[in-house]
Amino acid sequence: MNDDSILFLLALGPASAVGLYWMLYRYYRNTDKSHGFEHETHITAQPATGADADAKVSEVRGTQATQITGNNVGDYRRRVKRV
């Protein structure tokens, strides 16, 4: 082998690594396909209104209830669902 082909092979390694990195970055980031919500979405402002169907469900006063009903913090087998 002559010196030019060895230098070419030595330069090919880092160049291909940079190319692979850039390709994976573009593939996973999708920077050219991302949706700019602030710039591409038109939202019209409307006054806030209360719905007529709002109904009071329950009331908790003070700190008498120390836990939420239906708490499953101690039963981890019920919380964690196995696949």
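Just so you know, these numbers use all the heavy atoms, side chains as well, and skip hydrogens, waters and symmetry mates.
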Taking the side chain as every heavy atom from C-beta outward, state whether Arg26 and Leu24 have any pair of such atoms under 4.5 Å apart. no
Would a single hydrophobic cluster contain both Leu20 and Val18, if residues Ile, Leu, Val, Met, Phe, Trp and Tyr are joined by side-chain heavy-atom contacts under 4.5 Å? no
What's the separation between atom CG in Leu10 and atom OG in Ser5, rounded to the nearest 0.5 Å? 9.5 Å
